[in-house]
Amino acid sequence: MNFAERLLAWHATHGRHDLPWQVHDPYRVWLSEIMLQQTQVTTVIPYYARFLARFPDVAALASAPLDDVLALWSGLGYYSRARNLHAAAVMVMERFGGAFPADPALLAELPGIGRSTAAAIAAFSFSVRSPILDGNVKRVLARWAGIDGFTGEKAIESRLWQLAQTLLPANAEDMPAYTQAQMDLGATVCTPRKPACLACPVAEDCVARLTGRQHELPTPKPRKPLPQRHTVMLLIRDAEHRLLLERRAPTGIWGGLWCLPEVDSTLTAETTALAQLGLTLQTEPALPDFVHVFTHFRLTVTPLPARAVGIGPLRDTDRLRWFTRAEALSAGIPTPLRRLLA
DNA sequence: AATGCGGGGTA
DNA sequence: TACCCAGCATT
């Protein structure tokens, strides 16, 4: 049996068959694929259920306010995914009349859908013969073919795409199961740490296993030490103990989410707030620092409580808004703020 | 080609 | 702590 045939046979008995998005509905497949970008299955499942209940089809999503989408995405991270999801839903309605195209090249024109996600949607929904190349597949193929070098590097990645294309099953109707089989093999057998080679359907001709290099491949990403950053976040309360939140710019960290106003220093907080927010503050002693780690830097946050005195009506209510604690918790806010409020 | 972009699970 | 996860967009 060739590579694809062995994966298909393995998947029939050992694959995952009960995931909630394993349906031939491009909307649900698309939604799950976006949520699963750089995010593990167990994390996605509850978000997927809530999202689908609120937005049962692409028309419902396209006509919803972005704030509602971000609120349901809150805590899942990579918020550009939520903004792109909403924009793509609008495009599917306007350009394709609400029906997702089957062609991966067309799917990849939608925001948030790259080559791998487009192939996954096309394979699961329409049985199109197009290869995926996610973290699982990169690891499986790098080991099986004995490919050295960081898989994020251009030359390595292009070899892997080429290989993935040649290994596709002959029959298009096998594409949904084959695509799922690759993901399942990477997630449950060919795992990053302790690969279960004894349970692997392609172990007999796996170069990494035959040469004892399962634990060396794929070549890990070269790491640099995380830069340190510091910020002061203002916990501004009004007379009714409501909290002032500021909508962040649409791009960058926590884009579009509601967050605490930030200043550079506790010493200049009052003057900075007056200049930037138009509020006169009485600051209180800072709360203990906490650390939030991102992929690319480490952020130390000093929470600084303050009372707003002599407030006039806030003029820019699209950017600045007073929230009760309950309102803040149900809005689109980043995880550190959710933790701080809890 | 390199960087920005979250958050959680895991050993 | 460090690595990894159903990657994509931007520069």
Side-chain angles (χ1 to χ4, degrees), chain A residues 15-16 19-22 28-48 70 73-85 87-88 107-124 131-140 150-158 160-161 164 176 179-188 190-195 215 218-227 229 248-257 259 291-299 332-339:
Chain A
R16 295 176 290 187
L19 296 172
W21 43 80
Q22 288 175 336
R28 299 187 185 203
V29 171
W30 166 60
L31 175 60
S32 71
E33 289 301 327
I34 302 300
M35 286 188 166
L36 286 160
Q37 286 169 1
Q38 300 299 100
T39 311
Q40 293 183 348
V41 166
T42 54
T43 303
V44 164
I45 286 176
Y47 283 88
Y48 177 83
L70 286 172
W73 206 272
S74 173
L76 200 52
Y78 282 133
Y79 298 97
S80 66
R81 293 185 296 175
R83 295 191 300 274
N84 286 332
L85 192 79
L107 287 167
E109 291 182 23
L110 296 169
I113 301 181
R115 184 172 174 184
S116 186
T117 299
I121 298 170
F124 284 132
I132 61 167
L133 191 64
D134 60 21
N136 286 316
V137 179
K138 283 180 175 177
R139 185 172 56 255
V140 169
F150 171 49
T151 57
E153 194 180 318
K154 195 69 176 180
I156 306 296
E157 197 172 275
S158 126
L160 291 169
W161 275 115
T179 304
Q180 188 65 49
Q182 292 177 93
M183 296 170 169
D184 292 352
L185 188 67
T188 65
C190 194
T191 53
R193 318 256 178 176
K194 290 194 286 185
H215 302 280
T219 307
K221 176 183 176 63
R223 299 285 178 180
K224 299 172 192 171
L226 289 185
R229 295 192 203 172
R248 297 182 64 93
T251 59
I253 295 279
W254 299 326
L257 270 63
C259 199
V291 173
H292 187 75
V293 182
F294 292 87
T295 312
H296 46 303
F297 64 93
R298 174 191 305 272
L299 184 67
I333 60 174
T335 290
L337 178 54
R338 196 169 291 282
R339 267 175 34 208

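Reminder, nothing fancy here: chain letters follow the sequence lines and each chain counts from 1.
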| query | What residues form a ring-ring contact (aromatic ring centres under 6.0 Å, His included) with Y48(A), not counting sequence neighbours? | reply | W21(A)
| request: Look at all strands and tell whether W21(A) reaches a base, only sugar-phosphate, or nothing, counting heavy atoms closer than 4.0 Å. | output: base
| Do you see a donor-acceptor pair shorter than 3.5 Å between the side chains of Q37(A) and T117(A)? | yes
| note | Residues at least two apart in sequence or cross-chain that pass side chain to side chain contact (heavy atoms under 4.5 Å, CB included) with T219(A), listed by chain then number, are D148(A), L217(A)
| query | When you match P218(A) and A118(A) each to their closest nucleotide on DNA chain C, which lands nearer the 5' end? | reply | P218(A)
| remark: Residues passing the salt bridge (charged side-chain N to carboxylate O under 4.0 Å, His left out) test with R139(A), sequence neighbours excluded, are none
Between N or O atoms, less than 3.5 Å apart, protein on one side and nucleotides 9-11 of chain C on the other: list the pairs.
from, atom 1, to, atom 2, distance (Å)
dA9(C), OP1, G112(A), N, 2.6

| query | What is the per-nucleotide protein-contact pattern of nucleotides 4-11 of chain B, from the 5' end, where B denotes a base atom under 4.0 Å from a protein heavy atom, S denotes such proximity for sugar-phosphate atoms only, and - denotes neither? | reply | SBBBBS--
| remark: F297(A) meets the ring-ring contact (aromatic ring centres under 6.0 Å, His included) criterion, sequence neighbours left out, with F294(A)
| request: Check the distance between dA6(C)'s C1' and R115(A)'s CZ and give it to me in whole angstrom. | output: 16 Å
| request: Looking at every strand, decide which applies to Q182(A) at a 4.0 Å heavy-atom threshold: base, sugar-phosphate, or nothing. | output: nothing
| message | Heavy atoms only, 4.0 Å cut-off, all strands: where does L85(A) land among base, sugar-phosphate and nothing? | response | nothing
| query | How far apart are the C-alpha atoms of L337(A) and W254(A), what are their side-chain angles, what is the distance that settles it, and do they pass the side chain to side chain contact (heavy atoms under 4.5 Å, CB included) test? | reply | CA-CA 11 Å; L337(A) 178 54; W254(A) 299 326; over 6 Å; no
| request: Could I get the full list of side chain to side chain contact (heavy atoms under 4.5 Å, CB included) partners for S116(A), not counting sequence neighbours? | output: I132(A), D134(A), W161(A)
| remark: Rounded to whole Å, the CD-P distance (E33(A) to dC8(C)) equals 9 Å
| task | Report the distance from atom OH of Y48(A) to atom P of dA6(C), rounded to the nearest whole Å. | result | 17 Å
| said: Going by the rule side chain to side chain contact (heavy atoms under 4.5 Å, CB included), which residues pair with P220(A) if we only count those two or more places apart in sequence or in a different chain? | reply: none
| query | Going by number, which of residues 132-140 of chain A have a non-hydrogen atom under 4.0 Å from DNA chain C? | reply | D134(A), G135(A), N136(A), R139(A)
| field | Separation of atom CG in D184(A) from atom P in dA6(C), rounded to whole Å | value | 10 Å
| request: Using a 4.0 Å heavy-atom cut-off across all strands, classify V44(A) as base, sugar-phosphate, or nothing. | output: nothing
| request: Please measure how far the P atom in dT11(C) lies from the corresponding atom in dG6(B), and state the result in whole Å. | output: 15 Å
| query | When the P atoms of dA6(C) and dA11(B) are considered, how many whole Å apart are they? | reply | 14 Å
| request: May I ask you to say what R16(A) touches in the nucleic acid, namely base, sugar-phosphate or nothing, with a heavy-atom cut-off under 4.0 Å? | output: base
| field | salt bridge (charged side-chain N to carboxylate O under 4.0 Å, His left out) partners of R83(A), counting only residues at least two apart | value | none
| said: Under the rule for salt bridge (charged side-chain N to carboxylate O under 4.0 Å, His left out), what residues qualify as partners of R338(A), not counting sequence neighbours? | reply: none
| said: If I take atom OH from residue Y47(A) and atom OG from residue S74(A), how far apart are they, to the nearest 0.5 angstrom? | reply: 6.5 Å
| said: Say we look at dC4(C) and dC5(B): how far apart would their C1' atoms be, to the nearest angstrom? | reply: 16 Å
| remark: The side chain to side chain contact (heavy atoms under 4.5 Å, CB included) partners of T39(A) (sequence neighbours excluded) come to T43(A), V44(A), L76(A), R81(A)
